Structures are given as C-alpha cells and as structure tokens.
Amino acid sequence: MRGRAARALVVLAGGALALTACTSNTEGGDDVAKVEVAKVDTIAAKVPDAIKQSGKLVVGVNVPYQPNEFKNSDGKIVGFDVDLMDAVASVLGLTADYRESDFEKIIPSIETGTYNVGMSSFTDTKEREKTVDFVTYFQVGTQWAQQKGKPVDPDDACGKRVAVQRTTVQDTDEIPAKSAKCVAAGKPEIVKVAYDEQSQAATALVQGQVDAMSADLPVTIYAVDQNKDTIEVTGKMFDSAPYGWPVQKGSPLGPVLQEAVQHLMDNGQARKIAENWNVQAGVITKSVINGAQ
C-alpha cells in the first residue's frame with residue numbers, strides 16, 4: 001500500500017519486466033490505449049484560481065511502480081494512475097505536469113505547496129490523513145510472492161527474508177507487526193529487506209536474495225506475470241484499503257478532484273482506463289475525501 005496495496009486477483013499486462021539482473025525504469029506501456037476525455041465546464045469552473053490560471057495540475061510522482069506509474073521506452077511516465085490523472089486533468093481543462101520525487105518527500109511537498117497533488121499509489125490511512133486530505137479512486141490490498149517451489153506462508157514467515165519498498169505500508173506497518181508477533185511467540189523475527197524502488201525488491205526475489213516479497217497486488221502480479229519461471233504468488237490478498245490522491249489539508253482542490261473522478265466513474269471512463277491496464281478488479285464506484293477505515 002505504498003502506501004500502495006491492492007485488490008482481488010487481476011492479471012496484468014503491458015511490456016516485459018526485465019528482472020534477471022537489475023530492472024530498468026523503461027518497462028513497457030507503449031501500446032496501452034488512451035481514453036479521450038472532454039472538459040466539463042461546470043466542474044472546471046471550480047478549480048482554484050491559481051491553478052486555473054497556470055493551466056497545470058502539478059503532480060508529485062515516484063517511479064517505477066509498474067503498472068501504476070513507471071517510464072516507457074521513451075522515458076515518458078505512464079501507467080494506470082497516469083492515465084486516470086490525465087483524464088481528471090482533462091475534465092478540469094488542465095494539463096497534468098508530473099514532477100518526479102522520492103516517495104517519502106511527496107506528502108511534505110504537498111504540505112508546502114510545491115505540488116498540487118500526489119499521485120503515487122498512496123494508500124489512504126488515518127495516519128496520513130492527519131497531515132493531508134485524500135481523494136479516493138481505487139481499492140487496494142497486499143499480495144505476497146515467493147520463489148517457485150520454495151513455499152513461504154505470509155501468515156507465518158518467521159525467520160524469512162522479505163523484500164518491501166521503503167516507506168510503503170508493507171514496510172512501516174505490515175512486516176514490523178508480523179515480525180513482532182513472531183518474537184512474542186518465541187520465534188525468529190522476520191528479516192525485512194527494504195529497497196528504495198519496488199523494482200529492486202522484485203529483482204531481489206527473482207535472484208533469490210530474499211525468500212518473499214510483499215507489495216500491492218497489481219504490482220506483485222505484474223512481476224510474477226513477467227517472471228513465471230522464477231516466482232509465484234503465495235497466500236491471498238489481504239488488508240484491502242483505498243488508494244487516494246493527497247492534497248493539502250482543507251484545500252478546495254480536494255472536492256474538485258473528487259467531483260472530476262466521480263464524473264469519470266459515473267460515465268464509465270474510469271473503468272475503461274482500468275481495463276486498459278487490466279486492473280479493473282480494483283475499480284470503485286464512489287470517490288470520497290478521506291476514506292480510511
């Protein structure tokens with residue numbers, strides 16, 4: 001839950017993910033169809049003046065995180081999240097201006113006004129809602145993967161080495177909690193191996209440097225789909241929670257983004273975008289502000 005975490009089982013496609021030695025940041029996405037979205041004047045009129053005058057929605061993003069946000073062969077940032085944000089920007093009569101950032105710096109940069117909004121598969125959590133508001137657009141959960149033929153039980157991984165991306169919910173919440181239970185039961189702790197990029201975590205599993213990987217389901221399935229001979233899913237998806245776009249606390253931009261994405265949900269275009277990336281299992285029909293449970 002890269003916050004990032006995912007949903008019921010989906011099959012993801014979209015280019016080859018080369019995980020045999022080290023992954024690159026250019027991993028497919030060139031042939032995914034775009035959904036043409038028109039401006040909606042009644043919604044666009046509500047965009048805050050400063051943003052309206054600039055004509056841009058400045059979006060903080062961290063890549064790679066296939067298939068949600070990553071770079072294609074031309075170095076362009078693409079993915080499911082990107083297409084949906086582009087569609088929202090079109091509804092608002094704006095252009096999305098993506099600015100790359102370290103994942104952990106996006107929310108602080110939103111608080112200071114450097115970015116208007118964050119788009120990096122953020123899980124909407126109560127803790128994060130203390131500093132920013134979230135506009136929900138998807139439903140997510142966590143899925144583990146293991147090396148083929150080397151079983152790892154996500155509910156009993158004591159003593160195992162588990163790869164995660166740094167600062168994700170899997171890193172900050174899931175693995176520490178599970179490891180604490182191991183220790184309380186007199187078993188070895190889980191050895192959490194955190195990487196700056198999700199692709200590095202997947203590479204570590206493919207190369208056998210770790211026993212398992214915990215990530216958002218679409219990300220895990222994407223990696224497995226590209227490395228069928230090496231890794232496989234283990235256990236079921238769990239801890240389903242909403243993805244959200246963070247904006248400044250109390251910002252008038254939040255309700256505008258919510259109305260724009262709700263428009264796309266109501267007319268079926270949000271679902272079409274998800275289908276183009278084969279992540280339709282996570283589609284929701286109602287966007288809210290601050291939907292953490």
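No hydrogens, no waters, no symmetry mates; every other heavy atom, side chains included, goes into these values. Everything numeric in this text was worked out from a predicted model, so none of it was measured.
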Measure the shortest side-chain to side-chain distance between [X] and [Y] over non-hydrogen atoms and say whether it is less than 4.5 angstrom.
X: Asp156; Y: Cys158; result: yes
X: Pro176; Y: Lys192; result: yes
X: Met85; Y: Val117; result: yes
X: Leu253; Y: Leu57; result: yes
X: Gln207; Y: Thr230; result: no
X: Val82; Y: Met119; result: yes
X: Glu111; Y: Gln248; result: no
X: Ser251; Y: Asp133; result: no

For the residue pair [Y] / [X], report whether a side-chain donor-acceptor contact shorter than 3.5 Å exists.
X: Asn68; Y: Tyr222; answer: no
X: Glu197; Y: Gln165; answer: no
X: Asp81; Y: Tyr65; answer: no
X: Thr142; Y: Gln170; answer: yes
X: Gln258; Y: Ser287; answer: no
X: Trp144; Y: Thr234; answer: no

Ignoring hydrogens and geometry, is there a side-chain-to-backbone donor-acceptor pair from [X] to [Y] under 3.5 Å?
X: Asn276; Y: Ala33; answer: yes
X: Asn227; Y: Ala223; answer: yes
X: Gln143; Y: Met237; answer: yes
X: Asp124; Y: Ala292; answer: yes
X: Arg128; Y: Thr123; answer: yes
X: Asn72; Y: Lys76; answer: yes
X: Thr114; Y: Ile110; answer: no
X: Thr172; Y: Thr167; answer: no

### Task
For atom NZ of Lys52, decide whether the heavy atoms of other residues, nucleotides or ligands shown that lie under 6.0 angstrom number more than 12.
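Counting neighbours around NZ of Lys52, more than 12 heavy atoms of other residues, nucleotides or ligands fall under 6.0 Å, so yes.
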### Message
Tell me whether Lys150 at atom NZ has more than 12 heavy atoms from other residues, nucleotides or ligands lying less than 6.0 Å away.
### Response
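No, not enclosed.
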### Task
Check salt bridge (charged side-chain N to carboxylate O under 4.0 Å, His left out) between Asp211 and all other residues, then give those that pass, not counting sequence neighbours.
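Not a single residue meets the salt bridge (charged side-chain N to carboxylate O under 4.0 Å, His left out) criterion with Asp211.
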### Query
How long is the span from the CD atom in Gln262 to the OG1 atom in Thr285, to the nearest 0.5 Å?
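Interatomic distance, Gln262 CD to Thr285 OG1, rounded to 0.5 Å: 7.5 Å.
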### Message
Rounded at 0.5 Å granularity, tell me how far CG in Asn267 sits from CE in Met265.
### Response
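Asn267 CG to Met265 CE: 11.0 Å, rounded to 0.5 Å.
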### Query
Parallel under 30°, tilted from 30 to 60°, perpendicular over 60°: which one fits the rings of Phe138 and Phe80?
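Tilted.
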### Message
Do Ile175 and Phe238 sit in one hydrophobic cluster, given that two such residues count as connected whenever their side-chain heavy atoms are within less than 4.5 Å of each other, even indirectly?
### Response
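Both belong to a single hydrophobic cluster.
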### Task
Check the hydrophobic clustering (I, L, V, M, F, W, Y; side-chain heavy atoms under 4.5 Å; chains of links allowed) and say if Val288 and Phe122 are grouped together.
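Result: no, two separate clusters.
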### Message
Between Phe134 and Trp245, is the ring centroid distance below 6.0 Å?
### Response
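Centroid separation for Phe134 and Trp245: 6.0 Å or greater.
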### Query
Going through the checks in order, is the side-chain hydrogen bond (donor to acceptor under 3.5 Å, both in side chains) test met by Asp97 and Tyr115?
CA-CA 10 Å; Asp97 180 6; Tyr115 306 138; over 6 Å; no
#### Entry: side-chain contact (heavy atoms from CB on, under 4.5 Å) between Ser121 and Glu69, worked out
CA-CA 8 Å; Ser121 303; Glu69 45 265 328; 2.6 Å; yes
### Message
One thing to verify: whether Glu189 and Lys160 come together as a salt bridge, which I'm taking to mean a side-chain N less than 4.0 angstrom from a carboxylate O.
### Response
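Not counted as a salt bridge, because no side-chain N and carboxylate O are separated by less than 4.0 Å.
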### Query
Can you pull the side-chain hydrogen bond (donor to acceptor under 3.5 Å, both in side chains) pairs that have at least one residue in residues 36-45, sequence neighbours excluded?
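side-chain hydrogen bond (donor to acceptor under 3.5 Å, both in side chains) check on residues 36-45 returns no pairs.
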